[in-house]
Amino acid sequence: MDSQQTVDQILKDHVPEELLKKVNKVIYGAEIEKLEIPHYDDPNKCEVAGWKIGGAHQEQLRKPRLVRVGLIQNSIVVPTDQPIDAQREAIYKKIAAYIDHAAKCKVNIVCLQEAWTMPFAFCTREKYPWLELAEPADETGWSTEKLCALAKQHKMVIISPILERDPIGDKIWNTAVVIGSEGQILGKHRKNHIPRVGDFNESTYYMEGDTGHPVFNTEFGKIAVNICYGRHHPLNWLMFGLNGAEIVFNPSATVGQLSEPLWGIEARNAAIANSYYTCAINRVGTERFPNEFTSGDGKPAHHDFGHFYGSSYVAAPDGSRTRGLNRHMDGLLVAELDLNLCRQTKDLWGFTMTQRLKMYAEGLTRASQEDFKQQIV
């Protein structure tokens with residue numbers, strides 16, 4: 001079996017067509033309808049896939065609230081030993097082209113992958129040159145200035161996860177900047193949970209965020225951003241839901257050996273548990289660095305993090321999900337959502353009505369105390 005193949009391709013190659021329909025219904029929760037969208041100019045460089053996701057029914061008093069989201073996964077372009085301005089410029093050039101194509105696909109909200117302007121260099125523990133790529137999370141930022149112009153041009157909301165340098169104290173943060181459809185900055189969210197596992201040495205560069213769980217009220221719906229490692233924390237997902245999110249984006253950078261068995265489960269579970277849509281985005285490719293580094297596990301030093309396996313997808317509050325993008329190349333996933341499904345799912349399952357927040361708040365308050373004793377009988 002080719003390690004670059006997706007589960008979708010393996011099933012398509014080996015399962016008879018009639019049986020495949022039944023298998024796909026079990027795997028994806030429903031038979032999902034393809035969107036008719038234009039292909040990218042060079043399909044060998046960027047896969048473009050489009051789906052209608054979620055089984056919202058037609059209401060009598062509310063019109064459908066249709067929105068198209070675009071998830072962009074990408075590899076770096078220039079080798080990591082080249083000047084960082086060349087690396088950054090090359091990535092931006094192709095991302096701008098992908099955003100332009102998303103506009104052709106009538107996308108309303110685009111989300112890029114975690115730290116999209118750079119290689120995911122946090123495995124190296126080297127401060128330079130990588131911290132030179134940190135930028136203010138405002139209109140003066142190198143990438144934000146450019147994306148504000150693209151957002152305004154295409155009347156599109158853009159979520160831009162960057163390495164932020166706070167002018168106050170020169171603090172570094174892992175941050176998502178949310179840009180409105182008129183090119184204005186709606187706000188930002190800083191990553192709440194920082195990994196300390198394997199080669200994810202991110203606390204060498206930045207610490208846990210201080211922005212809470214903001215939800216951004218855009219003209220296309222209420223959206224939030226749960227950055228990468230935060231997807232492993234159910235309470236992180238919960239808080240965005242309590243604050244009214246209808247779509248939660250999860251821009252990530254994660255490798256196969258560590259997390260791939262979890263990838264298709266976590267964002268989908270969050271969509272079900274919180275009655276909102278989730279959009280999981282992962283970078284793609286293998287990034288090699290000039291100097292060797294170790295994982296602190298006694299194994300030999302190495303030059304790369306491992307393979308970022310892409311596989312970006314969208315999940316709906318009714319438990320259905322799209323197929324994932326491929327594991328080895330750039331991609332744009334377009335999904336059409338009906339936000340009415342969020343309330344319809346709450347009405348059907350009653351999760352918010354039965355969640356008993358006060359009981360859990362009391363338990364969590366006790367658990368956060370130093371003298372906490374477990375309730376073991």
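If you're wondering where the values come from, they're calculated on a predicted model, not measured in any experiment. The first residue in the sequence is number 1, and the count goes up from there. Just the heavy atoms: all of them, side chains too, but no hydrogens, waters or symmetry mates, feed the values below.
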Answer yes or no: is there a side-chain heavy-atom contact under 4.5 Å between Arg323 and Ile27? no

Taking all non-hydrogen atoms of both residues into account, name the closest pair between Ile227 and Ala176 and its distance. CD1-N, 3.8 Å

Do Glu114 side-chain atoms and Pro161 backbone N/O form a donor-acceptor pair below 3.5 Å? no

If you draw a 6.0 Å radius around CD in Glu362, do more than 12 non-hydrogen atoms from other residues or ligands fall strictly inside? yes

For Ala271 and Ala316 the tightest heavy-atom approach is CB-O, 3.5 Å

When you look at CZ of Phe372, are more than 12 heavy atoms from neighbouring residues, nucleotides or ligands closer to it than 6.0 Å? yes

Leu357 and Leu242: side-chain contact (heavy atoms from CB on, under 4.5 Å), yes or no, with the steps? CA-CA 10 Å; Leu357 290 178; Leu242 293 179; 3.8 Å; yes

Is it true that Ile223 and Val248 fall in one hydrophobic cluster, defined by side-chain heavy atoms closer than 4.5 Å? no

Please determine whether side-chain contact (heavy atoms from CB on, under 4.5 Å) holds for the pair Phe220 and Leu339, giving the CA-CA distance in whole Å, both sets of side-chain angles, and the decisive distance to 0.1 Å. CA-CA 9 Å; Phe220 305 115; Leu339 299 185; over 6 Å; no

NZ of Lys94: more than 12 outside heavy atoms within 6.0 angstrom? yes

Any donor-acceptor pair under 3.5 Å from Asp330 side chain to Ser75 backbone: yes

For the backbone of Ala115 and the side chain of Arg283, can you confirm whether one donor and one acceptor N or O come within less than 3.5 Å of each other? yes

Judged by atom type as modelled, is there a donor-acceptor pair below 3.5 Å linking the side chain of Ser320 to the main-chain atoms of Asp318? no

Pair Glu336 + Arg68: basic N to acidic O under 4.0 Å: yes

Side chains of Val69 and Leu337: closer than 4.5 Å at any heavy-atom pair? yes

Between His189 and Phe249, is the ring centre distance below 6.0 Å? no

How many angstroms lie between atom CD of Glu202 and atom CD1 of Ile172, to the nearest 0.5 angstrom? 13.5 Å

With the 4.5 Å side-chain cut-off for hydrophobic clustering, are Met239 and Leu364 part of the same group? yes

If you measure from CD on Gln87 to OG1 on Thr117, what distance do you get to the nearest 0.5 Å? 10.5 Å

Which atom of Asn201 lies closest to which atom of Cys123, heavy atoms considered: ND2-O, 3.1 Å

Donor-acceptor pair, distance only, cut-off 3.5 Å: does the side chain of Glu246 make one with the backbone of Lys222? yes

Are Trp130 and Trp173 connected, step by step, through hydrophobic side chains (Ile, Leu, Val, Met, Phe, Trp, Tyr) whose heavy atoms are closer than 4.5 Å? no

Rounded to the nearest 0.5 angstrom, the CG-CH2 distance for Asn250 and Trp263 is 5.5 Å

Close side-chain approach of Leu131 and Leu163, heavy atoms under 4.5 Å: yes

Can you check side-chain contact (heavy atoms from CB on, under 4.5 Å) on Asn108 and Val157, steps first, answer last? CA-CA 6 Å; Asn108 305 116; Val157 171; over 6 Å; no

Using distance alone, with no hydrogens and no angle criterion, decide if His302 and Ser295 have a side-chain donor and acceptor under 3.5 Å apart. yes

Do the non-hydrogen side-chain atoms of Asn192 and Asn226 ever get within less than 4.5 Å of each other? no

Would you please indicate if the ring centroids of Phe122 and Phe305 are separated by under 6.0 Å? no

Quick one: do Phe120 and Phe289 end up in the same hydrophobic cluster if we chain Ile, Leu, Val, Met, Phe, Trp and Tyr together by side-chain heavy atoms under 4.5 Å apart? yes

Salt bridge or not for Asp166 and Arg190, using N-O below 4.0 Å? yes

Answer whether the closest heavy-atom distance between the side chains of Tyr206 and Thr175 falls below 4.5 Å. no

N/O donor-acceptor pair under 3.5 Å between Asn326 side chain and Met329 backbone: yes

Could you check whether any side-chain heavy atom of Met118 comes within less than 4.5 Å of a side-chain heavy atom of Pro129, counting everything from C-beta outward? no

Would you say Leu332 ends up clustered with Leu325 if hydrophobic residues are merged whenever their side chains have heavy atoms under 4.5 Å apart, either directly or through other cluster members? no

Within 6.0 Å of CE in Met359, more than 12 heavy atoms from elsewhere: yes

Are the side chain of Glu31 and the backbone N or O of Asn24 linked by a donor-acceptor pair below 3.5 Å? no

Above 12 or not: heavy atoms from other molecules or residues under 6.0 Å from CD of Gln153? yes

Given the rule in the side-chain contact (heavy atoms from CB on, under 4.5 Å) test, do Leu147 and Ile99 qualify, once you have shown the distances and angles that lead to the verdict? CA-CA 9 Å; Leu147 293 188; Ile99 292 174; 3.8 Å; yes

Side chain to side chain, Thr218 and Ser181, heavy atoms closer than 4.5 Å: no

Closest non-hydrogen atoms of Ile272 and Gly319, given as atom of the first, atom of the second and distance, are CG1-CA, 3.6 Å

Look only at the side chain of Glu135 and the backbone of Trp142, and say whether a donor-acceptor pair between them is shorter than 3.5 Å. yes

Relative to each other, are the rings of Tyr276 and Trp237 parallel, tilted or perpendicular (30° and 60° limits)? tilted

Stepwise ring-ring contact (aromatic ring centres under 6.0 Å, His included) check, His101 with Tyr98: CA-CA 5 Å; His101 191 77; Tyr98 295 162; 8.6 Å; no

Ignoring hydrogens and geometry, is there a side-chain-to-backbone donor-acceptor pair from Asn174 to Lys191 under 3.5 Å? no

His232 and Tyr229 aromatic ring geometry - parallel, tilted or perpendicular at 30°/60° bounds: perpendicular

Main-chain N/O of Ser312 paired to Asn282 side chain as donor or acceptor, under 3.5 Å: no

Are side-chain N/O atoms of Thr80 and Glu287 paired as donor and acceptor at under 3.5 Å? no

Atom pair NE2 (His39) and NZ (Lys104), whose distance is rounded to the nearest 0.5 Å: 13.5 Å

Pair Arg196 + Glu208: basic N to acidic O under 4.0 Å: yes

Smallest separation among heavy atoms of Leu341 and Gly55, with atom names: CD2-N, 3.7 Å

Count the heavy atoms of every other residue, nucleotide or ligand shown that sit under 6.0 Å from CD of Glu17, and state whether that count exceeds 12. no

Check Lys155 with Glu182, please: is the shortest side-chain N to carboxylate O separation under 4.0 Å? yes

Would you check if Trp116 and Ile162 make a side-chain contact, meaning some heavy-atom pair closer than 4.5 Å? yes

Rounded to the nearest 0.5 Å, what separates atom CG in Asp81 from atom NE2 in His303? 11.0 Å

How many angstroms lie between atom OH of Tyr309 and atom CG of Leu258, to the nearest 0.5 angstrom? 8.0 Å

Closest contact, heavy atoms only, Ala280 versus Ala267: CB-CB, 4.0 Å

Side-chain H-bond candidate by donor/acceptor type, Ser160 with Lys146, under 3.5 Å: no

